[in-house]
2 protein chains.
Amino acid sequence: MTVPLYQAKAEFFRTLGHPVRIRVLELLRDGPRPVRDLLAEMDIEASSLSQQLAVLRRAGIVTATREGPTVVYALISVDVADLLKAARRILTDMIAGQEELLAELRDTESGKVT
Amino acid sequence: MTVPLYQAKAEFFRTLGHPVRIRVLELLRDGPRPVRDLLAEMDIEASSLSQQLAVLRRAGIVTATREGPTVVYALISVDVADLLKAARRILTDMIAGQEELLAELRDTESGKVT
DNA sequence: CAAGAAGTTGTAGAATTATTCAATTCACTA
DNA sequence: TAGTGAATTGAATAATTCTACAACTTCTTG
């Protein structure tokens with residue numbers, strides 16, 4: 001094998017590490033969509049979106065197929081949806097943890113020493 | 001809320017996007033471990049490892065607790081393990097796909113037109 | 001207290017990524 | 001075939017992140 005798996009994994013995660021790319025993947029979770037559609041949900045310029053789509057394409061996470069004048073994107077694997085779900089779970093846990101911490105700090109500040 | 005969720009997600013993935021950090025998380029999957037232990041499995045300098053541990057700490061993905069002269073790291077959430085598993089699934093699918101493609105190319109090259 | 005082991009931090013320079021805007025391709029239709 | 005909508009590409013600049021090394025902190029033990 002050329003690239004150790006943990007390095008491939010790191011590259012893969014790095015590919016996901018961009019707000020626009022995440023949004024694209026989340027939109028594609030509900031099925032394939034033309035670029036125009038993605039663009040409509042996103043308030044960025046077409047070329048910026050295209051740059052990010054290219055990153056996802058190069059990484060092999062999505063596929064693009066031309067249909068006449070429009071290009072339709074899709075996830076290569078539905079497993080990507082699971083991954084995003086797992087990430088959300090972790091994040092909500094983390095945020096909940098932070099809120100607890102915050103609440104604790106508030107209480108402490110107002111005199112109650114815990 | 002301050003930061004939209006998709007941005008938090010992107011940051012989270014970006015945090016995972018480094019080979020050393022991935023290895024650390026994989027090692028921590030089996031339970032908490034002292035830095036010394038991690039270091040032994042990794043063939044990098046202590047300071048480099050420390051840098052990456054700091055990234056994970058700041059992101060709140062791991063916790064560090066001092067126990068005498070050593071510092072023990074642990075995952076904040078076991079869900080992180082699920083995430084890594086999901087990632088492996090996707091990657092192995094992708095690699096399998098590439099191999100198929102490769103095989104196809106090989107066949108084509110040797111005369112068989114598909 | 002001095003010395004050593006275990007980790008962490010600061011930081012400078014190199015390397016990657018992001019962002020933006022103009023130019024380009026491709027497909028369709030008047 | 002000229003024009004238009006849809007999307008991509010190229011390339012320059014700005015911003016982040018990596019890497020490596022030296023200095024530093026903490027704890028422990030002689």
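As the structure is a prediction and not an experimental result, all values here were calculated from the model. Residue numbering restarts at 1 for every chain, and letters A, B, ... go by the order of the sequence lines.
- Neither OP1 nor OP2 of C:dA6 sits under 4.0 Å from any side-chain N or O of B:Tyr73.
- Interatomic distance, B:Arg14 CZ to A:Ile22 CD1, rounded to the nearest 0.5 Å: 10.0 Å.
- By the 4.5 Å heavy-atom criterion applied to side chains, B:Phe12 and B:Leu83 are counted as neighbours.
- Among B:Leu53, B:Ile76, B:Leu28, the single residue meeting the side-chain contact (heavy atoms from CB on, under 4.5 Å) criterion with B:Val62 is B:Leu28.
- Spacing between atom CG of A:Asp37 and atom C1' of D:dA7 amounts to 14 Å, rounded to whole angstrom units.
- When the nucleotides D:dT19, D:dT8, C:dT9 are ranked by their closest atom to the side chain of B:Ser50, C:dT9 comes out on top.
- For D:dT8, neither phosphate oxygen OP1 nor OP2 lies less than 4.0 angstrom from any side-chain nitrogen or oxygen of A:Arg36.
- Between A:Ala87 and B:Lys9, the closest heavy-atom pair is CB-CG, 4.3 Å.
- A straight line from CZ of B:Phe13 to P of D:dT16 spans 21 Å, rounded to a whole angstrom.
- Taking NZ of B:Lys85 as the start and CG of A:Asp79 as the end, the distance is 13.0 Å to the nearest 0.5 Å.
- Atom CZ in B:Arg66 sits about 8 Å away from atom C1' in D:dT25, given to the nearest Å.
- Atom CE in A:Met42 sits about 15 Å away from atom C1' in D:dA7, given to the nearest Å.
- Note on A:Arg58: every side-chain N or O is 4.0 Å or more away from OP1 and OP2 of D:dT8.
- A straight line from CD of A:Gln51 to P of C:dT20 spans 11 Å, rounded to a whole angstrom.
- Nearer the 5' end of DNA chain C, as judged by each residue's closest nucleotide, is the contact made by A:Val55, out of A:Ser47 and A:Val55.
- Counting any heavy atom pair closer than 4.0 Å across all strands shown, A:Thr70 reaches sugar-phosphate atoms only and no base atom.
- Separating the CZ atom of B:Arg57 from the P atom of C:dG7 is a distance of 12 Å, rounded to the nearest angstrom.
- Nucleic acid contact for B:Glu45: sugar-phosphate only, since backbone atoms but no base atoms lie under 4.0 Å from a heavy atom of the residue.
- Per the geometry, CD1 belonging to B:Ile44 stands 13 Å off P belonging to D:dC18, to the nearest Å.
- At whole-Å resolution of the value, CD in A:Glu67 and C1' in C:dC28 are 15 Å apart.
- A close approach under 4.0 Å does occur between a side-chain nitrogen or oxygen of A:Arg14 and OP1 or OP2 of C:dT17.
- Across all strands, A:Leu53 comes closer than 4.0 Å only to sugar-phosphate atoms, never to a base (heavy-atom distances).
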